[in-house]
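Being a predicted model, the structure only gives us computed values, none of them experimental. Residue numbers start from 1 in every chain, and the chains themselves are labelled A, B, ... in the order their sequence lines are given, proteins ahead of strands.
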Amino acid sequence: MLDEPFSRGASRLHLADPRCKLVAALAFAVCAALLRSPGPAALALLTGAALCLWARLPLPRLLRRLAAVNVFVAFLWLFLPFSLPGAPLLRIGPFPGLPDWLAPNWLSLTATDAGVAQALLVTLKSNAIVLAFIALAGTSDITAVGHAVARLGLPDKLALLLLFTWRQLHVVAQEYHRLRTAAKVRGFTPGTDLHTYRTYANMAGMVLVRSFDRAERVGQAMRLRGFAGRFHMLAEPAGRPGDRLLAAVIILCAAALLAADILQPLAGLP
Amino acid sequence: MHISEGVLSPAVLGAGAALAALGVATGLKRLDYDRLMTVAILSSAFFVASLIHVPIGPASAHLVLNGLLGVMLGWAAVPAIFVALALQALLFQFGGLTVLGVNTFTMALPPVLCFYAFRPMLSGPSRLRGGAAFACGFLSVGASALLTAAALALSGEEFSAAARALLLAHVPVMFAEGVVTALVVSFIARVRPEMLAFTSTAHG
């Protein structure tokens, strides 16, 4: 669960400097988030897919990841098509045969073209950003991202917090899994009752207590070894000469999409 | 619930990013290097808590425990939540770069407020403690859901129905979260009472 399936690989994107990739990912995400028309949004989705293709990411894992991300988008599809005025596409109700208390007025819904277009736009943008993010940020491991964050000029405390959290996450998760296994072999089956809640609360509490103790120990060990607020890296992560150019091209593509989106209504295009 | 990328309006995204940056900066300023490891481990515990699914009737919801984190960490909860959300974005692509600010703000503001409201009661006598802990969990998740719904509703008229549904779906979660938070606090109070007084001793 806590592995990084996309971080291993030998594509050009995997080898690039994580700093350049992070900046490019941020620029792409911001530009794509600002899009307002479906044409440029579809192009952004194509760009994201092309980046994933270039990174030669494992397709089954990628699709599973996308499915998980689209749960929220699916939730919006339940509401958005019915929420905007426009030309009706699909009418649900009113139900003349049924009594009023069973089918009140608000139950009759109308899906409009504007609503469907809005839902489609959100879907395109969301998936475009996620694909580009996986291809750019996901192709570095999190340790590399943490160091890149510090070298991009963000507060070093924040970068350290990210690195420490990532390191300890596995330990804490193991702790939790061990407690859960122990509960399971003792015949614990969750249900909606106080016993279940108490069991989960005790598990969470135990994880917190052990984590807290571990934090004290690790903190002492680090002070003992002379930790004074920075990691010394044995090897500077080596990028490739063309990394900045690569990032610049991606940023330019994203900016071009945004420009097309803004200029489209002015030029009178559909 | 995390809002995914590409949904919110630019104004909401920008405001969320600015407010979150302010909160993270404040939290980091009050956090010295000695406590960094403790905050990191509690942040990862917060992350792991979100992997615990608690059944609520036929459905289930994952624990949030952001109220508990706020009461234990105070302002440092903001960078802790930010880092946990950033890792979730990197690992699972829940949320993402542009919505990281909004998600951090909606998840971290209520816990910091709870810290000021309920902190004295939690380290006080046990009679008050249960109620205060319940209120922490209940109100933190409720206020987070409210802020998330507000972020959606402010992004456009068309999102208001979804925002209302989101808020409604969180009502049972609020009760579950309140009960679990109260039970976790009573567990910690029995097993390791000094953890509840952690922030006050650290600040002297």
Side-chain angles (χ1 to χ4, degrees), chain A residues 2 4 25-26 29-30 32-34 65 68-69 72-73 75-76 79-80 83-84 115 118 122 125-126 128-130 133-134 137-138 142 145 155 157-158 160-162 164-166 168-169 172-173 176 190-192 196-198 200-202 204-205 207-209 211-212 214-215 218-219 222 229, chain B residues 1-8 10 13 24-25 28 31 33-34 36-45 47-49 51-52 54-57 63 65 79-80 82-84 86-87 89-94 96-98 157-162 165 176 179-180 183-184 187-188 191-192 195:
Chain A
L2 295 176
E4 305 161 275
L26 182 64
V30 169
L34 296 178
R65 197 53 70 83
V69 169
F72 186 78
V73 174
F75 167 77
L76 287 180
F79 298 95
L80 275 183
S83 307
L84 276 178
Q118 178 70 20
V122 164
K125 280 161 64 175
S126 193
I129 299 175
V130 167
F133 187 65
I134 293 178
I142 287 177
V145 171
K157 272 189 212 167
L158 192 65
L160 285 174
L161 201 57
L162 185 77
F164 288 168
T165 306
W166 172 234
Q168 295 300 329
L169 191 54
V172 174
Y176 164 64
T192 309
T196 302
Y197 285 9
R198 193 185 301 280
Y200 277 126
N202 288 353
V207 166
L208 278 172
V209 166
S211 306
F212 192 78
R214 182 185 299 278
V218 175
M222 282 170 54
Chain B
M1 185 180 270
H2 305 275
I3 297 183
S4 51
E5 297 266 31
V7 177
L8 298 176
L13 289 174
V24 169
L28 285 178
L31 176 64
Y33 284 100
D34 278 350
L36 216 48
M37 194 37 116
T38 310
V39 175
I41 290 189
L42 287 175
S43 171
S44 45
F47 185 113
V48 169
L51 304 178
I52 306 181
V54 172
I56 302 174
L63 288 181
L65 294 188
F82 173 81
V83 163
L87 281 175
L90 283 167
L91 285 172
F92 313 135
Q93 278 78 43
F94 290 159
L97 276 180
T98 57
E157 191 66 34
E158 67 270 26
F159 290 110
S160 60
V179 170
V180 172
L183 292 170
V184 172
F187 178 85
I188 294 178
V191 176
R192 195 63 53 86
M195 260 173 85

Closest heavy-atom contact between Arg65(A) and Phe92(B)?
-> CD-O, 3.5 Å
Heavy-atom distances under 4.5 Å only: say whether Ile129(A) touches chain B with side chain, backbone, both or neither.
-> side chain
Closest heavy-atom contact between Tyr200(A) and Pro55(B)?
-> CE1-CD, 4.0 Å
Which of Val7(B), Leu63(B), Ile188(B) touches chain A most, by non-hydrogen pairs under 4.5 Å = Val7(B)
Which heavy atom of Ala165(B) sits nearest a heavy atom of Phe79(A), and at what distance?
-> CB-CZ, 3.2 Å
So which heavy atom on Ala33(A) is nearest to which on Leu13(B), and how close?
-> CB-CD1, 4.0 Å
Please name the pair of heavy atoms, one in Lys157(A) and one in Leu28(B), separated by the smallest distance, quoted to 0.1 Å.
-> NZ-O, 2.9 Å
With only heavy atoms counted, which part of Tyr197(A) is less than 4.5 Å from chain B, the side chain, the backbone, both or neither?
-> both
Enter the distance from Phe164(A):CZ to Met37(B):CE here, rounded to the nearest 0.5 Å.
-> 4.5 Å
Do Phe75(A) and Ser4(B) touch side chain to side chain, with heavy atoms closer than 4.5 Å?
-> no
Quick one: what part of Ser211(A) sits under 4.5 Å from any heavy atom of chain B, side chain, backbone, both or neither?
-> both
Sub-4.5 Å side-chain heavy-atom contact between Phe72(A) and Ile3(B) | yes
Against chain A, label Val180(B) side chain, backbone, both or neither, depending on which of its atoms sit under 4.5 Å from a heavy atom there.
-> both
What do the steps show when you test Val145(A) against Leu90(B) for side-chain contact (heavy atoms from CB on, under 4.5 Å), and what is the final call?
-> CA-CA 9 Å; Val145(A) 171; Leu90(B) 283 167; 4.1 Å; yes
Leu76(A) versus chain B, heavy atoms under 4.5 Å apart: side chain, backbone, both or neither?
-> side chain
Please look at Pro155(A) and chain B and tell me whether the side chain, the backbone, both or neither of the residue comes under 4.5 angstrom of a heavy atom of that chain.
-> side chain
Can you tell which of Leu31(B), Leu65(B), Val83(B) has the highest number of heavy-atom pairs within less than 4.5 Å of chain A?
-> Val83(B)
In terms of heavy-atom proximity below 4.5 Å to chain A, should Ala84(B) be classed as side chain, backbone, both, or neither?
-> neither
Can you name the side-chain contact (heavy atoms from CB on, under 4.5 Å) partners of Val69(A), sequence neighbours left out?
-> Val130(A), Gln93(B)
Does Phe187(B) reach the side chain of Leu208(A), with side-chain heavy atoms less than 4.5 Å apart?
-> no
Part of Ala49(B) lying under 4.5 Å from any heavy atom of chain A = neither
Here the gap from Phe82(B) atom CZ to Leu161(A) atom CG, rounded to the nearest 0.5 Å, amounts to 10.0 Å
Of the listed residues (Leu162(A), Val207(A), Leu34(A)), which shares the most heavy-atom pairs with chain B below a 4.5 Å separation?
-> Leu162(A)
Value for CZ (Phe159(B)) from CG (Leu84(A)), rounded to nearest 0.5 Å, stands at 8.5 Å
Which bit of Ala128(A) comes within less than 4.5 Å of chain B, counting heavy atoms only: side chain, backbone, both or neither?
-> neither
Quick one: what part of Ala173(A) sits under 4.5 Å from any heavy atom of chain B, side chain, backbone, both or neither?
-> both
First locate atom CG of Leu160(A), then atom CG of Leu36(B), and finally report the distance between them rounded to the nearest 0.5 Å.
-> 5.5 Å
Scanning both residues in full, the closest heavy-atom pair of Val184(B) with Ala201(A) reads CG2-O, 3.4 Å
Under a 4.5 Å cut-off applied to non-hydrogen side-chain atoms, are Leu158(A) and Val24(B) in contact?
-> yes
Largest heavy-atom contact set with chain A, pairs under 4.5 Å, which of Ile41(B), Leu8(B), Leu183(B), Val179(B) = Ile41(B)
Please identify each residue that fulfils side-chain contact (heavy atoms from CB on, under 4.5 Å) with Leu169(A), with sequence neighbours left out.
-> Leu2(A), Trp166(A), Ser44(B), Phe47(B), Val48(B), Leu87(B), Leu91(B)
Show your working on side-chain contact (heavy atoms from CB on, under 4.5 Å) between Tyr176(A) and Ile52(B) and close with a plain yes or no.
-> CA-CA 9 Å; Tyr176(A) 164 64; Ile52(B) 306 181; 3.5 Å; yes
